[in-house]
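Each remark here refers to the structure printed beneath this line.
Only this structure's heavy atoms are used, side chains among them; waters, hydrogens and symmetry mates stay out. One-based numbering along the sequence shown.
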Amino acid sequence: MSMLVLAVAMSVGVTVASIGIGRTAAEQIAGDLAASIQDQVTLSAATGSDGRGGDLFPPDAEARATDVPLVRTAGLRVELNSDLAPVSRPGILNTSERPPGVIAVTGGYLIGASAQSPSAWAFSTPHVQPVALVGARAAERLGLPTTSAYSGVTIEVGGRELQVIGTLPPGREQLDELVLIPYSIGVEMLSSDASARMVVTTEPGAGARVAAVLAAAVRPDAPTALSPSRVVDLAALREGVDTQLGRLTGMLGIVLTVITALLIGNTTASSVSARTAEIGLRRALGASSPMIVRLFLGEGMIVGLLGGLVGAALGCWLIVATAAGFEWTARLSPDLLALGITLGIGTGIIASAYPSSRAAQIHPAQAVRVE
């Protein structure tokens with residue numbers, strides 16, 4: 001019986017641990033995601049909007065956006081294609097290499113991206129200057145040294161001469177290969193801001209709430225002209241992560257439980273065969289078939305109860321140990337202990353059902369012949 005108790009304990013322990021670890025991991029993952037990706041919203045032209053009938057973004061769009069609660073920064077950017085805004089530095093640029101891309105940005109965008117924020121004033125109205133910032137890889141293509149400041153170095157963007165005032169720190173993958181010019185100059189080249197988009201950074205986890213009101217705050221006259229990026233609500237994100245991990249760990253627990261139930265059933269069936277004489281004697285002394293069934297079901301329940309208690313304790317220990325190893329906060333709850341005990345008892349009873357029914361069918365005369 002000790003081996004059966006150990007088998008149930010191992011099965012229940014792993015099941016309880018997998019569920020608890022899954023909950024702990026889901027909490028940690030959701031928290032990390034909330035802190036890292038739920039703090040940015042983009043606002044662009046809605047589908048079917050072409051920007052006609054006025055500018056897509058009003059002159060004070062950034063100020064309106066930053067007035068929204070939980071918004072940290074807001075900035076505008078627009079991409080310029082290489083045909084409209086080719087970048088050159090005569091005599092130095094390797095024409096066989098793909099030229100750097102160009103985006104026009106506001107000072108608010110630079111502050112939000114933490115990219116050369118001291119230079120943001122030169123990109124902000126009414127202080128806009130004919131200047132450019134160059135990404136680290138774009139600087140290499142243009143033959144520019146990687147430095148934070150330049151003096152008298154110019155490049156041409158779309159035929160306009162702009163003074164280079166610095167390079168962006170390396171490692172910013174989204175900006176490394178780009179040349180950044182003032183937003184107003186870019187919109188002037190395009191003759192429209194229809195393809196522009198606003199990038200808003202929020203407090204961690206506030207992306208969904210800000211996205212819900214941002215368009216109306218920026219364009220109260222025509223909120224449907226703007227469409228916010230899709231941001232998953234933190235509560236839905238947490239629920240989704242918890243559900244997916246719960247399914248994974250739950251399936252693992254089910255497989256282990258089924259294997260343990262088969263082991264108990266096989267062992268109990270062997271016990272019935274070995275105890276045929278005892279069962280026959282009990283029947284001869286007046287024990288009914290239901291009494292024999294209850295005997296073996298009771299033994300299975302005791303094995304399951306003991307295994308469930310030990311397994312629940314083992315599972316809780318594994319949860320705490322795993323959380324400590326990954327520096328997480330362990331999530332323990334009374335329902336895990338109750339689940340372990342219930343699972344153990346249920347496994348013991350179900351696994352003993354078939355052997356107990358076989359035992360109840362043994363006739364005393366058959367037991368005497370076996371003996």
Worksheet item: Do M198 and V218 have side chains that get closer than 4.5 Å, going by heavy atoms?
Response: yes
Worksheet item: Going from CZ on F57 to CZ on R64, what distance comes out if it is rounded to the nearest 0.5 angstrom?
Response: 12.0 Å
Fill in: Hydrophobic cluster identity match, I350 and V293, side-chain contacts under 4.5 Å
no
Worksheet item: Between atom OG1 of T167 and atom CG of L133, what is the distance when rounded to the nearest 0.5 Å?
Response: 8.5 Å
Worksheet entry | Min side-chain heavy-atom separation V134-L180 under 4.5 Å | no
Fill in: Gap between atom CG of D193 and atom CZ of R77 - 0.5 Å precision
15.0 Å
Practice prompt. Let me see the working for L190 and L84 under side chain to side chain contact (heavy atoms under 4.5 Å, CB included), right down to the final yes or no.
Written response: CA-CA 8 Å; L190 291 169; L84 177 66; 3.2 Å; yes
Show the atom names and distances, to 0.1 Å, of all donor-acceptor pairs under 3.5 Å that link a side chain in residues 158-165 to residues at least two apart or in another chain.
from: E161; atom 1: OE2; to: T154; atom 2: OG1; distance (Å): 3.2

Practice prompt. Please round to the nearest 0.5 Å and tell me the distance separating atom CZ of R197 and atom OG of S227.
Written response: 12.5 Å
Practice prompt. Grab the two heavy atoms, one from A211 and one from S229, that are nearest each other, plus how far apart they are.
Written response: CB-O, 4.4 Å
Worksheet entry | Gap separating the CG atom of N81 from the OG atom of S195, nearest 0.5 angstrom | 9.5 Å
Worksheet entry | Distance-minimising heavy-atom pair for L56 and A225 | CD1-O, 3.9 Å
Discussion item. Between V68 and T66, is there a side-chain heavy-atom distance shorter than 4.5 Å?
Written reply: no
Item to complete: Go through L178 and V102 one step at a time and tell me if the side chain to side chain contact (heavy atoms under 4.5 Å, CB included) criterion holds.
Response: CA-CA 5 Å; L178 298 176; V102 179; over 6 Å; no
Item to complete: Identify the two heavy atoms, one from A206 and one from L70, that lie closest to each other, and give their separation to 0.1 Å.
Response: CB-CD1, 3.6 Å
Practice prompt. Provide the closest heavy-atom pair for A122 versus V131 in the form atom of the first, atom of the second, distance.
Written response: CB-CG2, 4.0 Å
Item to complete: Mind checking the CG-CG spacing from L226 to L43? Nearest 0.5 Å is all I need.
Response: 4.5 Å
Worksheet, complete the sentence: Contacts of S44 meeting side chain to side chain donor-acceptor pair (under 3.5 Å) (sequence neighbours excluded), chain-then-number -> none
Worksheet entry | Student check: side-chain heavy atoms of E177 and P100 closer than 4.5 Å | no
Worksheet item: Heavy-atom distance under 4.5 Å between the side chains of I185 and P182, does that happen here?
Response: yes
Discussion item. Ignoring hydrogens, what is the shortest heavy-atom contact between G112 and T201? Give both atom names and the distance.
Written reply: O-CG2, 4.2 Å
Practice prompt. Check whether any side-chain N or O of T106 sits under 3.5 Å from a backbone N or O of L76 as a donor-acceptor pair, and report yes or no.
Written response: yes
Discussion item. Side chains of T202 and Q40 only: does a donor on one sit below 3.5 Å from an acceptor on the other?
Written reply: no
Discussion item. Do Y109 and T73 have side chains that approach each other closer than 4.5 Å (heavy atoms only, starting at C-beta)?
Written reply: no
Item to complete: Determine, step by step, whether L297 and L295 satisfy the side chain to side chain contact (heavy atoms under 4.5 Å, CB included) criterion, reporting the C-alpha distance in whole Å, the side-chain angles of both residues, the deciding distance to 0.1 Å, and the verdict.
Response: CA-CA 6 Å; L297 288 180; L295 171 66; over 6 Å; no
Item to complete: Search all heavy atoms of P220 against all heavy atoms of A217 and return the closest pair with its distance.
Response: CD-O, 3.7 Å
Fill in: I103 and L175, any side-chain heavy atoms less than 4.5 Å apart
yes
Discussion item. Under 4.0 Å between a side-chain nitrogen and a carboxylate oxygen: does that hold for R209 and E203?
Written reply: no
Worksheet item: Given side chains that start at C-beta, do those of L306 and V310 come closer than 4.5 Å, heavy atoms only?
Response: no
